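Lettering follows sequence order; numbering is per chain, from 1. Because the structure is a prediction, the values reported are computed rather than measured.
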Number of protein chains: 2
Amino acid sequence: MEIRIGDLAKRSGCEVVTIRYYEKEGLLPKPARSGGNFRLYSDVHIERLQFIRHCRSLDMTLSEIRILLGLRDNPAQDCGDVNALLDVHIRQTEERVEALLQLKRHLLSLREKCSGARRIEACGILQGLSDCDHPGCNA
Amino acid sequence: MEIRIGDLAKRSGCEVVTIRYYEKEGLLPKPARSGGNFRLYSDVHIERLQFIRHCRSLDMTLSEIRILLGLRDNPAQDCGDVNALLDVHIRQTEERVEALLQLKRHLLSLREKCSGARRIEACGILQGLSDCDHPGCNA
DNA sequence: TAAAAACTCTATAGTCGCTATAGAGTCAAG
DNA sequence: CTTGACTCTATAGCGACTATAGAGTTTTTA
């Protein structure tokens, strides 16, 4: 059963252009072509694209996904590398959550500096933004 | 007191190229030039760049910062817009934290599928990544 | 004083993961 | 047989930088 790119897009929940982009990036192998030069995809492509999209939904980068696909294509290897990649990814996610929570605390404290509407020149928020406290800044 | 771009970079904790980029983007006004065509910055530029860097450290986009700078340059206006911009930013931050926590839960459950090192073809993680459960995917 | 090192200049291309556009070709239904 | 939906390639744009090349300027060192 061979399907065209539009059907593959619907099945996988991503855009036609994105599929062509994955092909250009070497994540999806080049499919067969019809007489009119349309791409024809088979089950192998469908499953592989779903794998890619699932990884993307987990916020993995395309180069991480490239690595996982490479591992997947060599099934006799040890899967310790897969675990390691995932562990790194989990740790990065935790770090980003921490950074964002810190950021939010900072934003909330800034927001408290202006209680109501007044003139810009008296606004505590803008004044708070001028005071420099970020790393590397020697003001 | 006029300083050159390298000193401004050190003071503000950002790179020389970034300062030139901000100038090109209209966030920093064009500075005076020395006889040898070097940029010469004054206190006004220093303070403005610190404002920009502080906003960036709060993860604001350059267009948000452009708006804040515009408000700052018109001090007679009402500062309700500043508050509104910040409120939107805080809400976006909360949403991103929520999304990342969800993501982390997903990654952790995936990680549990592989307890130790075995052959790739038996690895529960890669199999978990093939099962498709993300929105829009009809697999 | 001259050479070397450090700094600055402009202009251009690359990063990532797409998204958008233009202009042409292919195919199925009315 | 024409309309409309689909597909093709190639190219440019997004945001916020980063990197590079090649030239000019200033400061330090010998």
[N] [atom2] sits how many Å from [X] [atom1], rounded?
X: B:Asp7; N: D:dT26; atom1: CG; atom2: P; result: 15 Å
X: B:Ile65; N: D:dG15; atom1: CD1; atom2: C1'; result: 12 Å
X: B:Glu25; N: D:dC17; atom1: CD; atom2: C1'; result: 10 Å
X: B:Asp59; N: D:dA16; atom1: CG; atom2: P; result: 9 Å
X: A:Ile19; N: D:dC8; atom1: CD1; atom2: C1'; result: 14 Å
X: B:Glu23; N: C:dA11; atom1: CD; atom2: P; result: 12 Å
X: A:Gln92; N: C:dC16; atom1: CD; atom2: P; result: 14 Å

When you compare the side chains of B:Tyr22 and B:Arg53, does any donor N or O come within less than 3.5 Å of an acceptor on the partner?
yes
Does a donor on one side chain sit under 3.5 Å from an acceptor on the other, for A:Arg105 and A:Gln102?
yes
Can you give me the closest heavy-atom contact between A:Arg39 and A:Glu23, atom names plus distance?
NE-OE1, 2.8 Å
Please tell me if B:Arg33 has a side-chain N or O lying less than 4.0 Å from either OP1 or OP2 of D:dT25.
no
So, does A:Arg39 get its side chain near the phosphate of D:dC8, meaning an N or O under 4.0 Å from OP1 or OP2?
yes
Decide whether a cation-pi geometry holds between A:Arg72 and A:Phe51; the criteria are a distance under 6.0 Å from NZ or CZ to the six-membered ring centre and an angle within 45° of the ring axis.
yes
Lys/Arg-Asp/Glu bridge criterion (N-O < 4.0 Å) met for A:Asp59, A:Arg96:
yes
Do B:Leu58 and B:Ile90 land in one hydrophobic cluster if side-chain heavy atoms of ILVMFWY residues count as linked below 4.5 Å?
yes
Classify every nucleotide of nucleotides 17-29 of chain C by which part a protein heavy atom approaches to under 4.0 Å, writing B for the base, S for the sugar-phosphate alone and - for neither, in 5'-to-3' order.
BBS-----BSS--
